[in-house]
There are 2 protein chains.
Amino acid sequence: MSFNSTTNSLLKSIPALERKPTKAERTRAEILQAALDFFWSHPFRELTIGGLMSSTSAGRSAFYQYFEDLYDLTETLLRGLEAGILEVATPWFEGEGDPLPLLKESLGGLVRVCYERGPILKAVSDAAVSDERLEKEWNGFLARFDGAVTARIEQQQAVGSIPAFEARPVAVALNRMDAALLIEAFGSRPRRQPQPVLDAITRVWVSTLYSQTTQRSQ
Amino acid sequence: MSFNSTTNSLLKSIPALERKPTKAERTRAEILQAALDFFWSHPFRELTIGGLMSSTSAGRSAFYQYFEDLYDLTETLLRGLEAGILEVATPWFEGEGDPLPLLKESLGGLVRVCYERGPILKAVSDAAVSDERLEKEWNGFLARFDGAVTARIEQQQAVGSIPAFEARPVAVALNRMDAALLIEAFGSRPRRQPQPVLDAITRVWVSTLYSQTTQRSQ
DNA sequence: CTTGACATGTGACACACTGTCAGTATAAAA
DNA sequence: TTTTATACTGACAGTGTGTCACATGTCAAG
């Protein structure tokens, strides 16, 4: 009754240029899909090349035709995730007009994407600590958001919608909070309810950036 | 001119009951110290039992007399760190009177302790993703702070010093931000300046908890 | 001291996983 | 079909782990 409906979801070929995927493309997609399925029910540490490949039609050695190692594979998943997140974050990053609704829209999109692909997020961040190369990619991924948020804060500080303070450390703080919270909430089953997570994140962002605070100095 | 001044810093025996440490205690302390030294200049992933023990006076197998594996050793370091942090966090958790200065004192202490022992923090959080047992300990460690912060928020919401909202998710968000930021800032050399980190953390905590926000609803 | 008993440490082993390579099978092109 | 390039495989060596029987060290009682 059911069949694997997402096997080719990773190819994302441009419809116009569609053509029969070659054997190599199919095997590669099969491996990626197997990894993805795995991450929905197991942590990264339990993944081995042998185990992964035995859930595909190819033997263990075939893995090395497509990926250097498990971290390389994981990096591929990260790239897809980054694209997805960047897309939903656009409103606040680039939108015009009242920034508060834009921020809320972006945070809502972020939570939605991470709810849908939480295990990828968790797998990547787990894997990153064990591999220098992937760790750099992961840090780069985070740093790109840090940069974008910093720029946006500074731009809005210039026009007075955000109070004056050193933008980057606050941007980093907010982004790290997002990442840690989203991983914890949606990284593995059972996932938490998205709404309270969104509410908490929104509260912290909004009060940090858009509330007229009366912070007494030291 | 210099000598290893901290070799026995891990024993922490009660001064009154001091007595000559047995051979086993000395070896154990030597291993812990070697690990600590290691973490100041290398990430957890580069630690192996063989490498660790070859920087001590004992052979590789002796390691297993004292620890189950590297995660067990790392757990020992976590326990010491938790004690240190709990101590400096007391003011806001338990103090009486105007909560804002208490919070600032606690956050200041937190940043100071983590600046001093950042590599431990990073080593533990790195190691945790690779080992189920240590991961549980680490989550427990975080959860204890979540609980304490949640309780404190709710108590102050009851007396009106903090606005009404669901306390736990916000507590979790703030704690995860702290952890991620402190690890990133102080987890490995070169460490960042403590002051901007403290400022950013303080800003987020204070504006989230103690500023009269005018958050427009959705 | 010397002895004995217990505490501490060791070398050698089996295991699991990794990454490589020469050679084979299979798919695609001619 | 034949040819050629591509995809795949099994066997191997390497690295690190954890365990075991045995060796060595320590220290108190005789």
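Here the structure is a predicted model, which is why all the values come from computation and not from measurement. Each chain gets a letter, A, B and so on, in the order the sequences are listed, and its residues count up from 1.
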Ignoring hydrogens and geometry beyond distance, is a side-chain donor-acceptor pair present between [X] and [Y] at under 3.5 Å?
{"X": "Tyr71(A)", "Y": "Glu132(A)", "answer": "no"}
{"X": "Asp37(A)", "Y": "Gln33(A)", "answer": "yes"}
{"X": "Gln195(A)", "Y": "Asp199(A)", "answer": "yes"}

Distance check: side-chain N/O of [X] vs OP1/OP2 of [N], anything under 4.0 Å?
{"X": "Ser57(A)", "N": "dC8(D)", "result": "no"}
{"X": "Tyr64(B)", "N": "dT10(C)", "result": "no"}
{"X": "Ser61(A)", "N": "dG19(C)", "result": "no"}
{"X": "Thr27(A)", "N": "dC8(D)", "result": "yes"}

Write down the distance between [atom1] ([X]) and [atom2] ([N]), rounded to a whole number of angstrom.
{"X": "Phe67(B)", "N": "dT19(D)", "atom1": "CZ", "atom2": "P", "value": "16 Å"}
{"X": "Arg26(A)", "N": "dA27(C)", "atom1": "CZ", "atom2": "P", "value": "8 Å"}
{"X": "Ile49(A)", "N": "dG10(D)", "atom1": "CD1", "atom2": "P", "value": "16 Å"}
{"X": "Met53(B)", "N": "dG16(D)", "atom1": "CE", "atom2": "P", "value": "16 Å"}
{"X": "Glu46(A)", "N": "dA16(C)", "atom1": "CD", "atom2": "C1'", "value": "15 Å"}
{"X": "Asp69(B)", "N": "dC15(C)", "atom1": "CG", "atom2": "C1'", "value": "16 Å"}
{"X": "Glu68(B)", "N": "dT19(D)", "atom1": "CD", "atom2": "P", "value": "8 Å"}
{"X": "Gln65(A)", "N": "dG19(C)", "atom1": "CD", "atom2": "P", "value": "15 Å"}

(request) Between Lys23(A) and Arg60(A), name the one whose nearest nucleotide on DNA chain D is closer to the 5' end. (result) Lys23(A)
At under 4.0 Å between heavy atoms, what does [X] touch on the DNA or RNA strands: base, sugar-phosphate, or nothing?
{"X": "Phe63(A)", "answer": "nothing"}
{"X": "Ala62(A)", "answer": "base"}
{"X": "Ala58(B)", "answer": "sugar-phosphate"}

(request) Measure the acute angle between the ring planes of Phe44(B) and Phe39(B), then classify it against the limits of 30° and 60° as parallel, tilted or perpendicular. (result) parallel
(request) Please work out which of the three classes, parallel, tilted or perpendicular, describes the rings of Phe141(B) and Trp138(B), given edges at 30° and 60°. (result) parallel
